[in-house]
Amino acid sequence: MRIESMCIEENKTILEAMQQLDKSAKKVLFVHKNGTLLAAVTDGDIRRWILKKGDLHASVKCVANYRPKYLYESQADQASRLMKEFGIDAVPIVDTKFFMKDIALSNVPAKVEVSCFGKDIPVVIMAGGLGTRLSPYTNILPKPLIPIGDYPISEHVINRFCAYGCTQFYMVVNYKRNMIKAYFDELEKKYILDFIIEEKALGTGGGISLLRGKIKDTFILTNCDILIEDNLARAYEQHIKSGNLITMICSLKSFTIPYGVVNIGENGLIESMNEKPNMSFFTNTGCYFVEPEVIESLEYNEPVDFPTIIENYMEKGKKVGVYPIGEEAWLDMGQIDELEKMKIRLGC
């Protein structure tokens, strides 16, 4: 079963490989033909393809490495050394005809790889909204305090970033802000949390104008109701290397339209039909790496949504990039059904 979950046939698409990586929670798949090892494809290979505007429906052959690391059965005891030496998470064990007999896995017991950013990056958490999609829960509690297991969602968010070495947090609050502040004031914290008060609704971006003069370096902007189960240290590295003003974390989304789609041609004739087609696209998760000049350029205390800020910079020719992640790497509790899914995913 382990071999099957980490193997993919050469004729499968990059989209299928990405979805399989999500399901297996691994970072590599081994390309095979009738069980014979041909190549390897990693999440990094796929990410680079996406950033080059590669077609998700292209074959995995387009991104695969046809010189993968492997060991013969007689060398299986060297697997740990090989993985450590080359910084890889899995190595196939093959016989003399390259038929895969097993896959050795790294002993690191982490579902989500987390490494430090290399510096203490400030985190700005947008938590001022009414949370109307989560009514009636938010009639009683503000969205940042809705519990997911033993902790409210916003505390889960903070704890995730603490694991990266972040210690400075800013939370932009408005609705039921005194309740939010009271909760965090009573906690014993190993981080600094400053509350930024909105006296009026400022949208998903206007609140950061209230941070003028407080942040001098790259910072993370995130909604208070999402979790990213991917290594954001790599996203930060890409953000800096690309010289982006803003890097948006984007998640793959796939769904099947539950109807037959009819395309109409001239004179009312049917041009084509597609029964229950599948759609795949990347969507904004609500998490970004942002340069401080964005704060300084905003009109102070004026409402604006962050996507509008991005569009304005794009019109000016500024560099705004994306960091793509898999569908299962984004947990969003913005709606009641998604809230229940998050609880299940986190084992709550």
- Note on the structure: Paired with Val41, the side-chain contact (heavy atoms from CB on, under 4.5 Å) test is passed by just one of Leu21, Asn65, Ile14, Val31, namely Val31
- Closest heavy-atom pair, Met179 versus Leu145, reported as atoms and distance to 0.1 Å, is O-CD1, 3.6 Å
- Reported CD-to-OG1 distance for the pair Glu293 and Thr218, which is rounded to 0.5 angstrom: 10.0 Å
- Message: Does Leu202 form a side-chain contact (heavy atoms from CB on, under 4.5 Å) with Asn301? I'd like the steps, not just the answer.
- Response: CA-CA 7 Å; Leu202 295 178; Asn301 204 32; 3.5 Å; yes
- Val172 reachable from Ile180 in the ILVMFWY side-chain graph, under 4.5 Å edges: no
- Task: Kindly indicate, with the supporting measurements, whether the criterion salt bridge (charged side-chain N to carboxylate O under 4.0 Å, His left out) is fulfilled by Arg234 and Asp43.
- Result: CA-CA 12 Å; Arg234 291 183 295 182; Asp43 58 344; 3.4 Å; yes
- Task: Give a yes or no answer on whether the side chain of Gln20 reaches the backbone of Ser5 with a donor-acceptor pair at less than 3.5 Å.
- Result: yes
- Query: Is there a side-chain contact between Asp120 and Cys166 (heavy atoms, below 4.5 Å)?
  - Reply: yes
- Query: After noting the C-alpha distance and the side-chain angles of Ile46 and Ile50, does the key distance pass the side-chain contact (heavy atoms from CB on, under 4.5 Å) rule?
  - Reply: CA-CA 6 Å; Ile46 293 175; Ile50 292 169; 3.9 Å; yes
- Message: Is any side-chain heavy atom of Leu51 closer than 4.5 Å to one of Gln238?
- Response: yes
- Are a donor atom and an acceptor atom from the side chains of Gln19 and Ser254 found within less than 3.5 Å of each other? yes
- Item | Charged N-O contact under 4.0 Å between Lys27 and Asp89 | no
- Query: Which distance, rounded to the nearest 0.5 Å, do you find between the CD1 of Ile196 and the CD1 of Ile208?
  - Reply: 11.5 Å
- Under the 3.5 angstrom rule, does the side chain of Ser242 hit a backbone N or O of His239 as a donor-acceptor pair? no
- Message: Less than 6.0 angstrom from the centroid, inside 45 degrees of the normal: does Lys119 satisfy that with respect to the ring of Phe117?
- Response: no
- Message: Are more than 12 heavy atoms, taken from residues, nucleotides or ligands other than Gln168, located less than 6.0 Å from that residue's CD atom?
- Response: yes
- Item | Which residues share a ring-ring contact (aromatic ring centres under 6.0 Å, His included) with Phe161, sequence neighbours left out | none
- Message: Using every non-hydrogen atom in the two residues, find where Pro152 and Tyr183 come nearest and quote the distance to one decimal.
- Response: CD-OH, 3.2 Å
- Could you please spell out the steps behind the side-chain contact (heavy atoms from CB on, under 4.5 Å) verdict for Ile226 and Cys287? CA-CA 8 Å; Ile226 68 159; Cys287 182; 3.8 Å; yes
- Report, as yes or no, whether the 6.0 Å neighbourhood of atom OH on Tyr259 holds more than 12 heavy atoms from other residues, nucleotides or ligands. no
- Message: If the threshold is 4.0 Å, N to carboxylate O, is there a salt bridge linking Lys214 and Asp194?
- Response: no
- Heavy atoms from other residues, nucleotides or ligands near NZ of Lys189 exceed 12 (cutoff 6.0 Å): yes
- Message: Donor-acceptor check, side chain of Asp230 to backbone of Ile325, threshold 3.5 angstrom: yes or no?
- Response: no
- Query: Is the closest side-chain heavy-atom distance between Met333 and Ile148 below 4.5 Å?
  - Reply: yes
- Query: So which residues get pulled into Leu82's cluster when ILVMFWY side chains under 4.5 Å apart are joined, directly or through others?
  - Reply: Leu71, Met83, Phe86, Ile88, Val91, Ile93
- Message: Taking the side chain as everything from C-beta on, heavy atoms only, tell me whether Met6 gets closer than 4.5 Å to Val28.
- Response: yes
- Rounded to the nearest 0.5 Å, what's the gap from CZ on Phe289 to CZ on Phe219? Could you check? 11.5 Å
- Query: Any sub-3.5 Å donor-acceptor pair from Ser154's side-chain atoms to Pro144's backbone N or O?
  - Reply: yes
- Ser59 side chain to Lys61 backbone, donor-acceptor under 3.5 Å: yes
- Query: Phe98 vs Tyr70 aromatic rings, parallel, tilted or perpendicular, using cut-offs 30° and 60°?
  - Reply: perpendicular
- Message: Just to verify, what does Tyr170 make a side chain to side chain donor-acceptor pair (under 3.5 Å) with, not counting sequence neighbours?
- Response: none
- Residue pairs fulfilling side-chain hydrogen bond (donor to acceptor under 3.5 Å, both in side chains) with at least one residue in residues 32-42, sequence neighbours excluded: Thr42-Asp45
- Item | Reported CE-to-CD1 distance for the pair Met171 and Ile197, which is rounded to 0.5 angstrom | 11.0 Å
- Task: Check whether any side-chain heavy atom of Leu252 sits under 4.5 Å from a side-chain heavy atom of Trp330, and report yes or no.
- Result: no
- Query: Which heavy-atom pair separates Phe282 from Pro324 by the least distance, and what is that distance?
  - Reply: CE2-CB, 3.7 Å
- Query: Does atom NZ of Lys200 have more than 12 heavy-atom neighbours from other groups under 6.0 Å away?
  - Reply: yes
Only pairs under 3.5 Å count here: list side-chain donor-acceptor contacts from residues 267-277, not counting sequence neighbours, and write none if there are none.
residue	atom	partner	partner atom	Å
Ser272	OG	Asn263	ND2	2.8

- Message: Whether Glu198 and Arg177 form a salt bridge (side-chain N of Lys/Arg under 4.0 Å from carboxylate O of Asp/Glu) is what I want to check.
- Response: no
- Message: So which atom in Gly205 and which in Met126 form the shortest heavy-atom distance, rounded to 0.1 Å?
- Response: N-CE, 4.5 Å
- Does OH in Tyr151 sit with more than 12 non-hydrogen atoms of other residues, nucleotides or ligands closer than 6.0 Å? no
- Query: Do Met248 and Val320 touch side chain to side chain, with heavy atoms closer than 4.5 Å?
  - Reply: no
- Do any N or O atoms from the side chain of Asp305 and from the backbone of Pro307 form a donor-acceptor pair under 3.5 angstrom? no
- Query: Given side chains that start at C-beta, do those of Asp332 and Thr285 come closer than 4.5 Å, heavy atoms only?
  - Reply: no
- Answer yes if the side chains of Asn244 and Thr247 hold a donor-acceptor pair under 3.5 Å, and no otherwise. yes
- Task: Answer yes or no: is there a donor N or O on one side and an acceptor on the other, between the side chain of Asn223 and the main chain of Asp225, under 3.5 Å?
- Result: no
- Closest non-hydrogen atoms of Cys62 and Trp49, given as atom of the first, atom of the second and distance, are CB-CH2, 3.7 Å
- Task: Say whether Glu16 and Thr13, considering side chains only, have a donor N or O and an acceptor N or O under 3.5 Å apart.
- Result: yes
- Item | Gap between atom CD of Glu296 and atom CZ of Arg212 - 0.5 Å precision | 6.0 Å
- Note on the structure: On a heavy-atom basis, the closest approach of Leu232 and Tyr164 is N-OH, 3.0 Å
- Query: Are Ile158 and Ile121 joined in one hydrophobic group, where the rule is that I, L, V, M, F, W and Y side chains link up if heavy atoms are under 4.5 Å apart?
  - Reply: yes
- With no hydrogens and no angle check, is any side-chain donor or acceptor of Thr308 less than 3.5 Å from a backbone partner on Val304? no
- Item | Audit row: Tyr288, Ile249, side-chain contact (heavy atoms from CB on, under 4.5 Å) steps and yes/no | CA-CA 6 Å; Tyr288 316 83; Ile249 310 301; over 6 Å; no
- Query: Is the shortest heavy-atom distance from the side chain of Val94 to the side chain of Phe99 under 4.5 Å?
  - Reply: no
- Residues which pass side chain to side chain donor-acceptor pair (under 3.5 Å) with Glu85, listed by chain and number, not counting sequence neighbours: Arg81
- Task: Look only at the side chain of Glu302 and the backbone of Glu299, and say whether a donor-acceptor pair between them is shorter than 3.5 Å.
- Result: no
- d(Glu315 CD, Glu311 CD) to nearest 0.5 Å is 7.0 Å
